[in-house]
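One structure below.
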Amino acid sequence: MGSHEARITALETGMEDLESSLESKISRVTLMAENNALKLMEDKAKQSGFIKGMHMTATLIGYSVIIIALLLAGKFTGAIESVLKLLRV
């Protein structure tokens with residue numbers, strides 16, 4: 001009878017240890033999932049901001065190139081007009 005009680009007590013203790021171990025593992029996994037979700041959201045936000053910044057930079061560079069090309073074209077056509085005026089006179 002005493003050995004059965006000892007076994008029951010040992011099993012109950014083991015069960016309590018298993019339950020507390022399981023709860024700690026679940027809480028650890030939950031915490032890891034929350035941290036991963038936060039990191040993922042931060043990465044997405046950074047990536048979105050980076051892409052918007054790259055788009056704005058590319059747009060500004062494109063407009064700058066177009067403006068410079070138009071200015072150079074204007075100077076070039078003005079120079080051609082000057083040469084043509086000189087040749088007519």
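All residue numbers refer to positions in the sequence shown, counting from 1.
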(message) With rounding to the nearest 0.5 angstrom, report the CG to CD1 distance, Leu71 to Ile66.
(response) 12.0 Å
(message) In the structure I gave you, are the side-chain heavy atoms of Asp43 and Lys39 within less than 4.5 Å of one another anywhere?
(response) yes
(message) Does any part of the side chain of Leu31, heavy atoms only, come nearer than 4.5 Å to the side chain of Glu34, both counted from C-beta?
(response) yes
(request) Determine whether Arg28 and Lys25 make a side-chain contact, defined as any pair of heavy atoms from C-beta on separated by less than 4.5 Å. (result) yes
(message) One pair to check against side chain to side chain contact (heavy atoms under 4.5 Å, CB included): Ser48 and Lys52. What are the steps and the verdict?
(response) CA-CA 6 Å; Ser48 176; Lys52 286 180 183 176; 3.9 Å; yes
(message) Nearest 0.5 Å, please: how far is CG in Leu72 from OG1 in Thr77?
(response) 10.5 Å
